[in-house]
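Below, read A as the first sequence line, B as the second, and so on, with proteins coming before strands; counting in each chain starts at 1. Every heavy atom of this structure was used, including side-chain atoms; hydrogens, water molecules and symmetry mates were not.
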Amino acid sequence: MRYVLLTVMFLLSLILPGTVFHFWAWSGIKPDLLMLLTIYMAMHRRLRASVLWGLGAGLLEDLYLGRYIGMYTLTLAVVAYLSYWLAERWYRDNFLLTTFMVFIVTVAGQVVVAFLSLGAGLHWSLGDIGQLVIGVALYNAILVPVTYPLIHRSFLHGWLRYRPRYER
Amino acid sequence: MVGKRVNVTGIAVLVFFLLLGVLISIRLTGLGSNFPNPIGGTLQRVLSPIEKLILQMGNGIRDNTKVLWDFRGVQIENEALQKKVDQLTGDNLKLKEQVLAGMRYTALDQGQFRSPSLEKFDKIGASVINRNPTTWYRTLTLNRGSNDGVAANDPVIGALGLVGKIVSVSSNTSEVLMILDGEGQVSALVRGSTGDGTFGIVQGTYKRGSRLTPEGNLQMLFRREDNVNAGDLVFTSGDGGVYPKDVPIGKVKEIQLDPSGLLKTAYIEPLVDFDSLEEAYIVKTVGGK
């Protein structure tokens, strides 16, 4: 059930920003749901599993978008590592702290995207990059109070809870 | 107890080569590259019906409830339309119609246009089933793909004018890079009221908080002495090999002088409302006739 739910959440993270959030975009800025999901995963899993999730989810997103292969692969792996590192030091039951953490990690992730975009030869001015990075990070942070309590509870006691082999 | 020694040089070399590898991969798989992508194609094929359904529902809800959540906006739009009607019923209308007729563009006000250079190509209608899930690019996904004869670099045109070009194709879907995106450039021709043409490159800026639309705008650079005025219409010039000639792009909204005084920038209001675009047609210039 856990894997089915993760697959559904992954697919929704791919579909919703281009469809539902197209109608809820602020001046074209949409949340990065896959980055948000990767942060949640990294907060509740071990480092190795988190980074592997980041790499896999990022690669699938790159393939789904059909270009710049490697951009989100690297970005989500970095996001997973950073989220894990911060979650180890910060109290993850504190929703306010989690909101702040999502904001910071999303800023870092979007900066990596911007950096790789520039490396790919795309032209963005610093002002545009700043607006995009802060906009997406704010949107992701706003979604935390709506999504995190449910997902956190599910990771601790629900379907998303990791069960060791001997428990299954 | 001795702590773990961290090999900083090793980590730096690893990070360097990782970054280099990713940058090379990004370069090789950038816009216009046609690399085999069976996983991406399968994902697009599986998800596109769901995306289409959600987008259709969203469009329906937005269109039917617009007056509720944006009453002021509808009111302002209504007032603007009333003014527009008054303006269009004036003598100015006749003059504009004559200019448009001279440019084979008489049907613009009826929501459609004909261009002789488009007639020779096959066209296929398509629905928008998704928009780019990231904030960084301006792309649309259409429900037509290589099975329908669509190929990369085919132009995409809406009812009123140019939308963009196909940048990637799967068997049942294709992705359109909109002209609003800074990556898309269009060789264009500005026709003034006298019928003279001035060539240039239309480029999308896609900046937040732009001065024309919240979704971005188009701009063109000219020399100071070029005769370009607000209200002039912008068409594709046919140069460059991607877009056919004489497809309407937009209308010059505003002109600003460069601080150096040598150049001027024309800001162009696109004719197509990209935000509410639901249908478009793909002109098969590459794979078709």
Please check if the number of heavy atoms outside A:W85 that lie under 6.0 Å from its CH2 is greater than 12.
no
To the nearest 0.5 Å, what is the distance between CZ on A:R67 and OG1 on B:T29?
10.0 Å
Atom OG1 of A:T19 and atom CD of B:Q56: how far apart are they, to the nearest 0.5 Å?
12.0 Å
Please determine whether the number of non-hydrogen atoms from other residues, nucleotides or ligands lying under 6.0 Å from atom CZ of A:R48 exceeds 12.
no
Over 12 foreign heavy atoms within 6.0 Å of CZ, A:R2:
yes
Okay, A:F21 and chain B: the region with an atom under 4.5 Å from a heavy atom over there is neither
Okay, B:T139 and chain A: the region with an atom under 4.5 Å from a heavy atom over there is side chain
With a 4.5 angstrom heavy-atom cut-off, which part of A:L60 approaches chain B: side chain, backbone, both or neither?
both
Tell me, do A:Y64 and B:I39 make a side-chain contact under 4.5 Å, heavy atoms counted?
no
In terms of heavy-atom proximity below 4.5 Å to chain B, should A:E61 be classed as side chain, backbone, both, or neither?
side chain
Any side-chain heavy atom of A:I15 sitting closer than 4.5 Å to one from B:N130?
no
Interface check, chain A: of B:S168, B:G41, B:G21, B:G58, most non-hydrogen pairs under 4.5 Å belong to B:G58
What part of A:L65 gets closer than 4.5 Å to chain B, counting heavy atoms only: side chain, backbone, both or neither?
both
Side chain / backbone / both / neither for B:L23 at chain A, heavy atoms under 4.5 Å:
side chain
Looking at B:I11, I want to see if its CD1 is surrounded by more than 12 non-hydrogen atoms of other residues, nucleotides or ligands under 6.0 Å.
yes
Crowded around A:Y81 OH? As in, over 12 foreign heavy atoms under 6.0 Å?
no
Residue, of A:L16, A:V113, A:D62, A:L33, that accumulates the most heavy atom pairs under 4.5 Å with chain B:
A:V113
Would a 4.5 Å heavy-atom cut-off, applied to side chains only, mark A:L11 and B:L47 as touching?
yes
Rounded to the nearest 0.5 Å, how far does CG of B:N59 lie from NE2 of A:H22?
6.5 Å
With only heavy atoms counted, which part of A:I69 is less than 4.5 Å from chain B, the side chain, the backbone, both or neither?
both
Answer with side chain, backbone, both or neither: which region of A:T73 has an atom nearer than 4.5 Å to a non-hydrogen atom of chain B?
neither
Counting heavy-atom pairs under 4.5 Å with chain A, which one of B:I24, B:L19, B:T141, B:L18 comes out on top?
B:L19
Proximal component of A:V20, with respect to chain B [non-hydrogen, under 4.5 Å]
both
Region of B:E175 in contact with chain A, defined by heavy-atom distances below 4.5 Å
side chain
Would you say A:F23 and B:I61 make side-chain contact, with heavy atoms under 4.5 Å?
no
Output the distance between atom CG (A:L116) and atom CZ (B:R27), rounded to the nearest 0.5 Å.
12.0 Å
Residue pair A:G70 / B:S25: nearest heavy atoms and the distance that separates them:
N-OG, 4.3 Å
